[in-house]
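These notes are about the structure you will find just below.
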Amino acid sequence: MTTLNDTPGSNRLHIGIFGKTNSGKSSFINAFTKQNVSIVADAAGTTTDPVYKAMEIHPLGPCVIIDTAGFADRSDLGESRMEKTRLAAEKSDIAVILISAQDAAAAAAGEVGGDFSDEAQWYETFRKKDTPVLFAVSKADLYPQTRIRAITEEITRRTGAEAVAVSAVSGEGMEEVRAALVRILPENYGERSITGDLAGEGDLVLLVMPQDIQAPKGRLILPQVQTIRELLDKKCLVMSVTTDKLPQALATLQRPPKLIITDSQAFGYVYEHKPAESVLTSFSVLFAAYKGDIGYYTEGAKTIEKLNQDSRVLIAECCTHAPLAEDIGREKIPRMLRKRFGDTLRIDHVSGTDYPEDLTGYDLIIQCGACMFNRKYVMARIERAKQQGVPMTNYGVVIAHLTGILDKIAVPV
Ligand SMILES: Nc1nc2c(ncn2[C@@H]2O[C@H](COP(=O)(O)OP(=O)(O)OP(=O)(O)O)[C@@H](O)[C@H]2O)c(=O)[nH]1
Ligand code: SF4
Ligand SMILES: [Mg+2]
């Protein structure tokens, strides 16, 4: 759970640092951030598990820098490391691919090992995901500037991507990296709206807050905090109530709220008690749209009608939280599905970053709210489902469908 004062990882710009083992990734991160984030060593394969470090980087704002295990790691542990590196790639909003000046020089001289096929492959992977890439030629202190410049120009000529020269030893290139990251940042990054066209300046918005055991004592959970912040920024008039105070709140108002955003558990009650003019939506549906593909999720939820007692459903949680009583993914949704399709319906659970490569055995995937993860990562999961033709939905949308309210909920555009 996140409190008012946290800026959680899920909202930060994720910058992934990739490159061959020993290309200088960890040294670059330490020099770039002026902090000792990662261990540096001569031995190849020093960084094994990715290191995620949250920090403020001017002028990008709140970021997470990800140091990864190098690719082309041929050690026994290589494949599991590579898996984690691939995962880091899925979370990266921007990727920096490091090529050491030594490797670049070897490639230019046609030496063994000096080829760029790994980097080129990764570049292609990122391009397919629409992830902007910056190439950085590291250890630039080892060669004359003219030689390094020829290498960066050659990289840009071949790929079309920007390339800068950096050195963790001299500190060269760090400002250039900053400037280049700002340039290649997706144009609309950070501008995605939670409430979209549902409310604008001067509109009265009523929030019906959850009162269940999942609401932490003394705090608000992040989706509510973010929604309030956004509505205030839009100059809306915001009012928050608990479900039991809804009738009283409505009675004191001179005009009905333009929009009511409710905790989905109270949806039925709020729907019955709301003024006809007020548009109704839920926090979970707003965040399904904010973090994922609401169109695909809605279609996915409707495919429930085609399930039967032999169907297979995958419930995918993004983290390994300790399940609370009445946990949505472990208890609530399975119970609702089993009530309709019987005990033979097969429901598999995966949690954390365990998300199967092959999803084709499933008739439906139900993704959690992904509160701990960024949109990029959730979209990578949705993309995998789409490519394999497997319907996918998420907790908020599926519960809305199963309780018959999905078509009564307003979705932001
Ligand atoms: N001359 C010079 N050496 C560097 C520079 N950056 C890194 N090195 C050296 O290159 C070696 C590898 O550096 P690391 O930062 O550990 O490289 P890495 O890519 O994180 O390596 P793995 O974690 O093993 O994949 C170390 O011996 C560093 O001292 C640099 O800018 N100039
Ligand atoms: S399982 Fe998903 S929705 Fe639940 S806490 Fe973890 S990331 Fe958030
Ligand atoms: Mg390292």
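Both ligands and their constituent atoms are indexed starting at 1 by order of listing. The first residue of the sequence shown is numbered 1, and numbering continues consecutively from there.
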Would one find more than 12 heavy atoms of other residues, nucleotides or ligands at under 6.0 Å from atom NZ of Lys235? no

Roughly how far, to the nearest 0.5 Å, is CG of Asp93 from SG of Cys63? 9.0 Å

for atom 19 (O) of ligand 1, nearest protein heavy atom and its distance come out as Lys25 NZ, 2.7 Å

Side-chain contact, heavy-atom cut-off 4.5 Å: Tyr362 with Asp348? yes

Side chain or backbone, does Ala69 bring an N or O within less than 3.5 Å of an N or O on ligand 1? no

Looking at ligand 1, does any of its N/O atoms fall within less than 3.5 Å of an N/O of Asp67? no

With ring pair (Phe, Tyr, Trp, His ring centres under 6.0 Å) as the test, pick out the partner of Phe18 among Phe71, Phe126, Phe135. Phe126

Determine whether a donor-acceptor pair (N or O, by modelled atom type, separation under 3.5 Å) exists between the side chain of Glu230 and the backbone of Thr195. yes

Where is the nearest protein heavy atom to atom 21 (O) of ligand 1: which residue, which atom, and how far? Asn22 N, 3.0 Å

Under a heavy-atom criterion of less than 4.0 Å, does Ser138 contact ligand 1? no

How close does the nearest protein non-hydrogen atom get to atom 26 (C) of ligand 1, and which residue and atom is it? Ala41 O, 3.4 Å

Consider every N or O of Thr68 and every N or O of ligand 1, then say whether any pair is closer than 3.5 Å. no

Any N/O pair Lys139/ligand 1 closer than 3.5 Å: yes

Should the proximity of Leu142 to ligand 1, defined as any heavy atom under 4.0 Å, be assigned to the side chain, the backbone, both, or neither? side chain

Does the plane of the ring in Tyr290 sit parallel, tilted or perpendicular to the ring in Phe287? Use 30° and 60° as the thresholds. perpendicular

Enumerated ligand 2 atoms positioned under 4.0 Å from heavy atoms of Glu317: 1 (S)

Atom 14 (P) of ligand 1 has as its nearest protein heavy atom Ser27 OG, 3.6 Å

Can you tell whether the side chains of Lys332 and Asp327 come within less than 4.0 Å, N to carboxylate O? no

Atoms of ligand 1 less than 4.0 Å from Gly24 heavy atoms? 7 (C), 13 (O), 14 (P), 15 (O), 17 (O), 18 (P), 19 (O)

With atoms numbered from 1 as shown, which atoms in ligand 1 lie under 4.0 angstrom from a non-hydrogen atom of Thr21? 25 (O)

Pick from Val390, Ile347, Val350, Ile366: which one makes a side-chain contact (heavy atoms from CB on, under 4.5 Å) with Leu314? Val350

Do any N/O/S atoms of Ser26 come under 2.8 Å of the Mg ion (ligand 3)? yes

I want to confirm something. Looking only at heavy atoms, which of Val51, Asp141, Val40 is nearest to atom 32 (N) of ligand 1? Asp141

For Phe373 and Tyr377, take the angle between the two ring planes, folded into 0 to 90°, and tell me which bin it lands in: parallel under 30, tilted 30 to 60, perpendicular over 60. tilted

Can you pull out the closest protein heavy atom to atom 2 (C) of ligand 1? Residue, atom name and distance to 0.1 Å, please. Val169 CG2, 3.5 Å

Could you check atom 27 (O) of ligand 1 against the protein and tell me its nearest heavy-atom contact, residue, atom and distance included? Asp42 OD1, 2.3 Å

Looking at Phe116 versus Tyr123, is the centre-to-centre ring distance below 6.0 Å? no

Quick one: does Ser23 get a heavy atom under 4.0 Å from ligand 1? yes

Given that the side chain starts at C-beta and the backbone is N, CA, C, O, which of these parts of Ser351 lies under 4.0 Å from ligand 2, counting heavy atoms, or is it both or neither? neither

Short question: side chain of Gln388, backbone of Glu357 - any donor-acceptor pair under 3.5 Å? yes

So do the side chains of Leu181 and Phe32 get within less than 4.5 Å of each other, counting heavy atoms only? yes

Mind checking whether Thr393 and Gln367 have side chains closer than 4.5 Å, heavy atoms only? no

Numbering the atoms of ligand 2 from 1, which are under 4.0 Å from a heavy atom of Cys318? 1 (S), 2 (Fe), 7 (S)

Atom 8 (Fe) of ligand 2 contact by Cys368, N, O or S atom under 2.8 Å: no

Heteroatom proximity flag, Ala168 to ligand 1, N/O under 3.5 Å: yes

